[in-house]
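All residue numbers in this chain count up from 1 along the given sequence.
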Amino acid sequence: MNNVSTISVFFLSGLNETSWNHRSALFFLSLMCYCITVLVNVCLILIIILDNALHEPMYILLCAFCMNSLYGTASFYPKFLWDLLSPVHMISFSGCLLQAQVLYSFACSDLSILALMAYDRYLAICRPLEYHSVMSVQRVIKLASFVWLTAFLITGVNIFLTSRLKLCSPYISKLFCVNWSIVSLACFPNETYINGIVANISIIIYVLHGFFIVWSYMYIIKRCASSIENHAKFMQTCIPHLISLSTFLVTILTDIVSNRLSSTDLAETLQNFIAMEFLVIPPLMNPLIYGFKLTKVRSRIISFVTFRSK
């Protein structure tokens with residue numbers, strides 16, 4: 001146990017089997033992906049902030065969604081790009097905990113914002129007379145701030161408990177730091193009992209978010225089935241939310257199943273792709289989905305492009 005207190009860095013082994021030729025191609029592909037992700041999210045944020053006509057609850061939540069994407073990807077891409085060019089993949093103990101904190105709070109915040117979006121659409125379609133009194137811009141900003149802070153604090157409790165564990169190995173078989181991968185390095189498994197309880201409570205909280213989203217859309221679909229006007233509103237504003245939700249759930253559940261089940265039979269490339277999905281696909285696709293589908297946003301983009309071309 002002499003090495004228990006000497007672990008100050010972790011070694012990430014997720015790229016060990018990736019050749020240098022493949023790393024070069026992956027670096028340029030990842031850099032391009034990150035640049036596009038930043039560009040489309042920043043553009044959508046600026047369009048919503050600068051256009052007073054878009055200062056409505058639905059677009060405020062979309063703005064928060066894009067900001068959260070920038071927050072989450074910033075904790076992954078820079079380190080990942082650096083590791084692709086480096087022969088040694090290491091990260092400090094505190095840096096590893098910080099990365100896990102940001103990644104988990106990003107994922108939890110995404111689900112919370114999707115829940116707020118579902119509630120916003122529920123009020124707009126099922127209870128339109130109460131909509132403006134319940135979902136004011138100021139209230140939406142407060143709710144978005146609250147769910148982000150809640151996600152950050154819940155994640156923070158998990159990371160704090162992990163930081164107190166005595167670890168016996170500095171090797172993490174991942175591309176980036178994942179809380180449970182750090183916990184699995186504990187010298188004394190009995191000490192991780194509290195970590196497991198808190199982690200399961202956290203999971204339950206966000207599973208309830210998922211049930212709330214399903215409940216909201218059940219009522220929305222029921223209402224839309226009996227009204228042509230509501231059906232049109234559903235197709236225009238709810239379809240992007242459902243696509244974003246589906247993308248998020250598929251990428252997260254795939255990663256969870258991969259982590260919980262034995263992945264020794266999976267090729268490292270496939271393991272890496274599964275791990276990266278929720279950090280690559282939703283932040284890149286969501287702004288494109290909303291930009292093309294929501295009429296107001298699409299018209300602002302077209303008018304801006306047209307104005308610049310004159």
Side-chain angles (χ1 to χ4, degrees), residues 10 37-38 41-42 44-45 48-49 57 60-80 91-120 138-165 172 174 176-183 192 194-213 244-245 248-249 251-253 255-256 259 275-280 282-283 286-287:
F10 290 107
T37 298
V38 171
N41 280 281
V42 169
L44 205 53
I45 290 169
I48 293 171
I49 291 175
I60 297 297
L61 290 173
L62 177 55
C63 185
F65 206 37
C66 292
M67 288 179 176
N68 192 54
S69 293
L70 293 176
Y71 164 73
T73 53
S75 68
F76 167 68
Y77 274 107
K79 178 68 172 71
F80 177 62
I91 186 171
S92 67
F93 180 81
S94 57
C96 191
L97 294 179
L98 178 62
Q99 186 179 53
Q101 167 73 24
V102 175
L103 293 179
Y104 278 80
S105 58
F106 152 71
C108 293
S109 297
D110 248 15
L111 189 57
S112 295
I113 294 171
L114 285 168
L116 286 177
M117 287 178 165
Y119 183 60
D120 173 77
Q138 291 77 13
R139 182 168 294 175
V140 168
I141 293 174
K142 290 178 182 178
L143 285 172
S145 301
F146 174 76
V147 297
W148 186 87
L149 183 61
T150 301
F152 192 85
L153 291 175
I154 290 174
T155 305
V157 172
N158 284 273
I159 299 301
F160 173 72
L161 291 173
T162 300
S163 70
R164 301 176 67 214
L165 295 174
I172 298 177
K174 296 282 184 182
F176 49 83
C177 293
V178 180
N179 186 49
W180 205 251
S181 294
I182 304 173
V183 172
T192 66
I194 299 298
N195 295 70
I197 293 176
V198 174
N200 287 330
I201 292 173
S202 303
I203 291 171
I204 290 171
I205 290 172
Y206 287 96
V207 167
L208 291 176
H209 282 56
F211 282 119
F212 176 77
I213 294 171
S244 295
L245 177 64
F248 175 82
L249 290 179
T251 55
I252 287 292
L253 289 176
D255 186 45
I256 291 174
N259 284 328
M276 292 168 57
E277 275 185 313
F278 82 101
L279 290 162
V280 175
N286 289 336

Are any non-hydrogen side-chain atoms of [X] and [Y] less than 4.5 angstrom apart?
| X | Y | value |
| --- | --- | --- |
| Val183 | Leu165 | yes |
| Asp110 | Phe278 | no |
| Phe212 | Leu208 | no |

Hey, what do you get for [atom1] ([X]) to [atom2] ([Y]), rounding to the nearest 0.5 Å?
| X | Y | atom1 | atom2 | result |
| --- | --- | --- | --- | --- |
| Ile60 | Leu143 | CD1 | CG | 12.5 Å |
| Ile204 | Phe211 | CD1 | CZ | 10.5 Å |
| Leu249 | Leu114 | CG | CG | 8.0 Å |

(request) Sequence neighbours left out, what passes ring-ring contact (aromatic ring centres under 6.0 Å, His included) with Phe176? Give chain and number order. (result) Phe76
(request) Go through the structure and list residues passing ring-ring contact (aromatic ring centres under 6.0 Å, His included) with Phe65, not counting sequence neighbours. (result) none
(request) State, to 0.1 Å, how close Ser69 and Asn41 come at their nearest heavy-atom pair, and which atoms those are. (result) CB-OD1, 3.7 Å
Using residues 91-105 as the side-chain source, report each donor-acceptor pair under 3.5 Å to any protein atom, sequence neighbours left out, with the distance given to one decimal.
residue	atom	partner	partner atom	Å
Ser92	OG	Gly95	N	3.0
Gln99	OE1	Cys177	N	2.9
Gln99	NE2	Ser75	O	2.9
Gln101	OE1	Gly156	N	3.2
Gln101	NE2	Phe152	O	3.0
Tyr104	OH	Asn179	N	3.3
Ser105	OG	Tyr71	OH	2.7
Ser105	OG	Gln101	O	2.8
Ser105	OG	Val102	O	3.1

(message) If the condition is side chain to side chain donor-acceptor pair (under 3.5 Å), which residues does Thr192 pass it with, not counting sequence neighbours?
(response) none
(message) Please enumerate all residues that pass side-chain contact (heavy atoms from CB on, under 4.5 Å) together with Phe160, with sequence neighbours excluded.
(response) Ser163, Arg164
(request) With sequence neighbours excluded, tell me which residues meet side-chain contact (heavy atoms from CB on, under 4.5 Å) with Ile201. (result) Ile197, Ile205
(message) side chain to side chain donor-acceptor pair (under 3.5 Å) for Asn158 and Ser202? Distances and angles first, verdict last.
(response) CA-CA 9 Å; Asn158 284 273; Ser202 303; 3.0 Å; yes
(request) Taking the six-membered ring for Trp and the full ring for Phe, Tyr or His, determine whether the centres of Tyr206 and His209 are under 6.0 Å apart. (result) yes
